[in-house]
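What follows is a set of notes on a single structure, which appears directly below.
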Amino acid sequence: MNAIIVDDETKARKMLNAMLADLCPEVEVLEECDDLPNAVKAIKRLSPQLVFLDIEMPGHSGLELLEFFGEDEIDFQIIFTTAYDHYAIKAFKLSAVDYLLKPISPVDLKEAVSRASKRESTCTGSLANLRENLQPEATKKLAIPQLNGFRFIDHSEILYLKGERAYATIWLRDGSTILASRNLKYFEDLLQLNQSFFRCHRSFLVNLNHVIEYVRTDGGNLILHGGRQVSVAIDRLPILLERLGQ
C-alpha cells in the first residue's frame, strides 16, 4: 500500500513517516506535502492508495481536499490526523471517518492502517457528514422530536433543559418552552460536542453562555438570562466553576 502524508508541520510529517517505516512496513510513503495545493497535485500525479491528512493547516482545511476531485476520482483512503480535543472526536466517530489523535499512538496507527487496507474505497458521504459535524456550534441546530416530525432550534436559543422522567422540557431564550418525548440523557448526548452545554444537576442541562450568576443559597443555583434559575448538584460544582472560568 502506498501513501502520502499531508501536514504543515515538518516534525509531524517526519515523525509519522518514521512510525510507518517501523510499524507498518507494508506502507510505502511516496511523498510528504506541507499544504493542500501540493497534496492535490501529488494525489493526481502519484495516485496513492492512502492519504494521511492533517485537518487544520494554514490557508486550507484538510476537509477541503475533496472539493478538488470528482466522485469518480476519489479512489484513495483518508486517515485524518488531528489535535482536536475529546469533544470534537465524537464528530469523527459519528461520521464513521478514520482518524489519528495527535500525538499519534503506535497501536492506533497500526489499527487505522489495517482498517484502511481492508476497505474498498473512501465513503464521500461520511466525509460530508464529518464536515457538517465539525461546523462551529453557533450554526448548528437541535432537532427536537415532535408528533408530526422535528422542530429545529438554534443551540444559542436554548437556556436550559429540564429532565422529567421520559420527557424533557426545553426552555428557550424568548421564555417559551417545548416538551419533548425524549429523556435528558438523549439531549445530553446530542449536545456533547457543544462545550457550552453542561449537566449541572441530575435534572438540568444548562447553556453556560446564558449564565449570569451562581448563588450558594438553597443548595446552589445558577441565575440565567431572564431570571430563570436551575439547581446545581454539589458534586458537579467544581467542574462547573472550572468550565465557567474557561
Side-chain angles (χ1 to χ4, degrees), residues 1-69 73-119 121-124 126-140 192-195 246:
M1 176 178 279
N2 51 49
I4 69 169
I5 297 172
V6 187
D7 198 310
D8 63 293
E9 297 182 4
T10 302
K11 183 178 180 181
R13 294 196 306 272
K14 299 302 181 186
M15 177 66 72
L16 178 54
N17 200 336
M19 291 179 71
L20 287 168
D22 184 42
L23 302 168
C24 307
E26 70 276 19
V27 176
E28 179 188 0
V29 177
L30 302 177
E31 192 163 323
E32 297 179 12
C33 303
D34 60 1
D35 60 24
L36 200 60
N38 283 325
V40 172
K41 294 175 184 176
I43 291 172
K44 292 186 175 183
R45 175 167 46 87
L46 300 171
S47 300
Q49 297 165 293
L50 180 60
V51 177
F52 291 92
L53 181 61
D54 185 24
I55 284 189
E56 291 194 310
M57 293 179 288
H60 294 278
S61 163
L63 294 172
E64 297 175 38
L65 178 71
L66 299 185
E67 296 177 6
F68 295 89
F69 297 91
E73 295 181 291
I74 303 171
D75 56 357
F76 49 88
Q77 295 292 322
I78 296 177
I79 298 176
F80 287 103
T81 59
T82 176
Y84 275 117
D85 62 23
H86 67 282
Y87 289 99
I89 286 305
K90 188 175 181 182
F92 290 88
K93 294 179 179 178
L94 290 175
S95 307
V97 173
D98 222 340
Y99 69 94
L100 293 168
L101 184 62
K102 296 178 179 180
I104 296 172
S105 155
V107 173
D108 291 344
L109 176 59
K110 292 179 68 174
E111 290 179 350
V113 169
S114 176
R115 286 192 295 269
S117 67
K118 295 174 183 176
R119 283 195 295 263
S121 61
T122 296
C123 177
T124 55
S126 294
L127 296 174
N129 288 338
L130 177 62
R131 182 196 294 273
E132 175 66 23
N133 287 333
L134 287 172
Q135 289 298 308
E137 298 301 336
T139 68
K140 300 188 100 174
Q192 183 178 352
L193 295 180
N194 190 333
Q195 298 186 53
Q246 293 173 349

Non-hydrogen atoms of [X] and [Y] that approach each other most closely:
{"X": "A3", "Y": "V27", "value": "CB-CG1, 3.8 Å"}
{"X": "I4", "Y": "A39", "value": "CD1-O, 4.1 Å"}
{"X": "D7", "Y": "M57", "value": "CA-SD, 4.2 Å"}
{"X": "I79", "Y": "A116", "value": "CD1-CB, 4.3 Å"}
{"X": "L36", "Y": "E64", "value": "CD2-CB, 3.8 Å"}

Tell me which donor-acceptor pairs under 3.5 Å the side chains of residues 42-52 have, and how far apart each pair is, sequence neighbours excluded?
residue, atom, partner, partner atom, Å
K44, NZ, F68, O, 3.4
R45, NH1, E31, OE1, 3.4
R45, NH2, E31, OE1, 2.9
R45, NH2, E31, OE2, 3.2
Q49, OE1, N2, N, 2.8

Point-to-point distance, once rounded to the nearest 0.5 Å, from CD1 of I5 to NZ of K14: 8.5 Å
Gap between atom CD of E9 and atom CZ of R13 - 0.5 Å precision: 9.0 Å
Basic-acidic side-chain contact under 4.0 Å: K102, D54: yes
N-O pairing of R115 and D98 below 4.0 Å: yes
Trace of the side chain to side chain contact (heavy atoms under 4.5 Å, CB included) decision for L101 with T81: CA-CA 6 Å; L101 184 62; T81 59; over 6 Å; no
Pairs where residues 16-26 contributes a residue and the test side chain to side chain donor-acceptor pair (under 3.5 Å) is met, not counting sequence neighbours: N17-E32
M19 atom CE, over 12 foreign heavy atoms within 6.0 Å: yes
Chi angles and distances behind the side chain to side chain contact (heavy atoms under 4.5 Å, CB included) call for D35, D8: CA-CA 6 Å; D35 60 24; D8 63 293; over 6 Å; no
Worked verdict on F80 versus V6 for side chain to side chain contact (heavy atoms under 4.5 Å, CB included): CA-CA 9 Å; F80 287 103; V6 187; over 6 Å; no
Set of residues satisfying side chain to side chain contact (heavy atoms under 4.5 Å, CB included) with respect to D108, sequence neighbours excluded: L100, S105, E111
